Amino acid sequence: MSDAGPGIEPGIVIVGAGHAGGSAAAFLRQYGWTGPITIVGEEPLAPYQRPPLSKAWLKGEADAESLALRPPSFYEEEKIALRLSTRVEAVDRWNRQVVLAGGERLAYRKLILATGARARKLLLPGADLEGVLELRTAADAETLKKALGPGKRLAVIGGGYIGLEAAASARALGADAIVVERESRLLARVACTALSEFFLSYHRGKGVSFALSAQATHIAGRDGKVAAIHFQNGAPIACDAVLVGIGVIPRDDIARAAGLECHDGVMVDLAARTSDPAVYAIGDCTRRPLPIYGQVGRLESVPNALEQAKQAAADICGREAPQREVPWFWSDQYDIKMQIAGLPIGVEHTVIRGEPRFGRFAVFHLTEDGRVQCVEAVNSPAEFMGGRQLIASRKQVALDRLRDMSTPMKAVAGG
Amino acid sequence: MAKITYIEFDGTEHPVEVRNGLSVMEGAIKNNVPGIDADCGGACACATCHVYVDEAWREKVGGPSAMEESMLDFAEEVQPNSRLSCQIKVSDALDGLVVRMPESQH
């Protein structure tokens with residue numbers, strides 16, 4: 001059965017009830033779409049914010065209500081239908097219907113795919129033991145939280161942002177934490193060496209241990225539960241839980257099966273349109289143009305989810321395209337505010353402004369001819385904001401001037 | 001509980017009730033008031049929840065922290081009564097608060 005019975009115009013169906021999907025519904029209403037909107041989500045929860053799961057929420061500083069993207073009344077008032085705990089099996093583009101698990105069909109006029117990403121699985125013997133966890137959903141965070149506490153030891157596999165944030169939260173809850181990383185430095189895929197070193201020493205100061213250049217071979221269990229990680233070289237590490245944070249894979253399965261163009265992510269343009277004019281894709285599941293960098297790429301971030309939600313909603317409502325954004329990211333660990341703008345693509349020069357020793361510095365990455373491509377700012381909001389402006393304006397800056405703390409960042413960015 | 005009136009750049013008023021403990025930004029988002037983007041969800045990381053605090057309320061609301069001030073410094077159309085609404089906590093004392101939105105958050 002379709003929800004579009006005789007005489008009822010099919011509306012917009014959003015597949016995925018995450019940050020992207022929930023925001024798209026809100027923007028559609030803000031931009032004046034009055035027709036039906038249905039959000040189909042696999043999880044039992046209405047759209048919520050994922051970033052706090054490894055931070056405030058894990059430490060018990062945020063409740064379910066503050067996690068929610070919007071209150072329950074919002075969906076009633078705005079007439080947005082939520083189909084939760086519901087999986088989409090397929091997209092039937094010929095008939096413009098999505099097929100739900102169980103066979104029910106929902107007709108759409110426009111379809112927005114916001115299926116997100118899944119955690120990359122650890123391919124090691126013992127990875128299926130109880131206590132080997134991932135952190136993607138509120139349910140994952142709940143399980144992880146139960147495994148933490150005084151006297152417990154968390155081993156994190158993967159020295160990326162999720163892993164470091166979880167290690168910081170584990171310490172705040174009184175648990176021991178050790179981070180296991182295959183590369184010789186932390187944040188190897190996402191940040192520069194200066195930042196890797198800063199985070200390593202900061203976390204060590206907070207009592208987190210590290211095993212770098214560590215090649216895990218298997219996870220040993222006791223009574224079906226995780227007990228230790230074993231390595232090619234070196235002693236095993238005993239632990240009560242293992243958090244795997246080794247990246248994510250875009251969930252483009254149903255898009256691919258429906259014949260939409262996908263290359264490790266659903267291919268979209270700057271209006272979030274896929275290769276089918278009736279189908280949009282937004283958020284972590286997409287691969288999108290990166291205008292400043294002349295490339296396409298995936299951006300796993302809330303700002304990207306919001307930007308693409310706006311692009312899709314604006315295009316559907318016939319509104320002018322939203323302003324182009326410089327990609328940006330943030331991370332909170334202990335009292336550190338980490339903000340990154342741009343991407344380190346086509347970089348020839350690196351300039352450090354500020355003092356890493358004092359935990360207040362920014363690393364600027366520039367092209368050969370002195371245009372900022374990326375800034376990584378630690379407790380330096382002015383450098384982040386100024387860097388973001390410089391990335392957007394493509395203005396050339398002298399490296400000395402950028403390095404010189406006696407010139408305010410605002411003057412560097414503007415003058 | 002506090003009644004907060006959010007006024008869009010075009011003059012559209014949105015009077016809503018906001019629970020104590022939430023931020024002025026959360027009050028807008030949870031009531032689908034347009035004009036406050038809050039891309040970072042309240043981490044004081046993005047400056048997309050910029051508002052102008054009504055003159056009558058400036059003293060009660062107070063001024064920005066150093067961190068917030070650095071962010072605001074780079075926002076568009078900053079005025080002496082500019083604040084990031086994610087950094088203003090709602091309490092009974094703010095019952096009746098009026099904030100205005102800038103033309104754009106970006």
Side-chain angles (χ1 to χ4, degrees), chain A residues 19 23 25-27 29-31 49-52 55-56 62-63 65-71 73-75 77-78 80 301-307 310 322-326 328-332 337-341 377 379-389 392 408-410 413-414, chain B residues 1 6 8-10 12 14 16-50 64-78 82-84 86-87 89-90 101-106:
Chain A
H19 217 123
S23 302
F27 289 130
R29 285 290 184 244
Q30 278 185 19
Y31 296 169
Q49 310 175 64
R50 293 188 202 280
K55 312 177 185 95
D63 56 15
E65 192 187 336
S66 65
L67 210 58
L69 208 54
R70 310 278 168 164
S73 58
F74 167 79
Y75 301 96
E77 284 163 14
E78 299 288 350
I80 295 166
S301 69
V302 166
N304 176 58
L306 291 171
E307 184 188 17
K310 282 180 205 164
Q323 197 183 321
R324 286 185 189 179
E325 306 270 351
V326 171
W328 71 277
F329 314 85
W330 83 93
S331 175
D332 290 328
K337 184 169 291 296
M338 167 87 222
Q339 296 160 295
I340 300 174
N379 295 326
S380 303
E383 278 65 24
F384 165 72
M385 293 297 281
R388 198 159 81 159
Q389 282 183 3
M409 195 56 217
K410 185 140 173 111
Chain B
M1 225 36 172
Y6 299 84
E8 284 186 70
F9 187 73
D10 68 5
T12 312
H14 301 266
V16 298
E17 296 281 338
V18 184
R19 183 166 66 77
N20 288 356
L22 292 181
S23 68
V24 170
M25 175 279 283
E26 287 174 301
I29 296 296
K30 291 187 186 300
N31 290 287
N32 206 25
V33 174
I36 290 181
D37 290 353
D39 289 358
C40 76
C44 195
C46 70
T48 61
C49 64
H50 178 197
S65 68
M67 172 76 82
E68 184 186 334
E69 209 160 12
S70 307
M71 298 292 294
L72 269 173
D73 211 17
F74 287 87
E76 300 279 326
E77 306 290 333
V78 179
S82 286
R83 287 291 313 267
L84 294 181
C86 74
Q87 301 300 305
K89 271 255 182 294
V90 173
M101 265 87 84
E103 185 170 15
S104 159
Q105 293 287 355
H106 291 267

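Chain A is the first sequence line, chain B the second, and so forth, proteins listed ahead of strands; every chain is numbered from 1. This is a predicted model, so every value here is computed, not measured. What's counted below: heavy atoms across the whole structure, side chains too, no hydrogens, waters or symmetry copies.
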For this session: Could you check which of B/P34, B/A75, B/S104, B/C46 has the highest count of heavy-atom pairs closer than 4.5 Å to chain A?
Result: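 Among the listed options, the one with the most contacts to chain A is B/C46.
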
Seminar exercise, completed: Counting heavy-atom pairs under 4.5 Å with chain A, the top scorer among B/R19, B/E68, B/E26, B/E69 is B/R19

For this session: Kindly write out the residues that satisfy side chain to side chain contact (heavy atoms under 4.5 Å, CB included) with A/A68, not counting sequence neighbours, or none if the list is empty.
Result: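 A/A68 satisfies side chain to side chain contact (heavy atoms under 4.5 Å, CB included) with no other residue.
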
Problem set entry | side chain to side chain contact (heavy atoms under 4.5 Å, CB included) partners for A/P52, two or more places apart | A/Q49, A/W57, A/L67

Exercise. Who wins among A/A382, A/P322, A/A392 for the most heavy-atom pairs under 4.5 Å with chain B?
Worked result: A/A382

Exercise. So which of A/E383, A/E325, A/R29, A/E78 has the biggest tally of heavy-atom pairs under 4.5 Å with chain B?
Worked result: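 Answer, by heavy-atom pair count under 4.5 Å with chain B: A/E325.
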
For this session: Provide the closest heavy-atom pair for A/P51 versus A/V302 in the form atom of the first, atom of the second, distance.
Result: CG-CG2, 3.5 Å

For this session: Taking atom types as modelled, find out whether A/S66 and A/D63 have a side-chain donor-acceptor pair closer than 3.5 angstrom.
Result: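 A donor-acceptor contact under 3.5 Å links the two side chains.
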
For this session: Given side chain to side chain contact (heavy atoms under 4.5 Å, CB included), test B/L84 with B/M71 step by step and report yes or no.
Result: CA-CA 9 Å; B/L84 294 181; B/M71 298 292 294; 3.9 Å; yes

Side chain, backbone, both or neither: which part of [X] has a heavy atom under 4.5 Å from chain B?
| X | result |
| --- | --- |
| A/K310 | side chain |
| A/F384 | side chain |
| A/M409 | both |

Exercise. Considering residues, nucleotides and ligands other than B/E17, do more than 12 of their heavy atoms fall under 6.0 Å from its CD?
Worked result: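 Count over threshold, so yes.
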
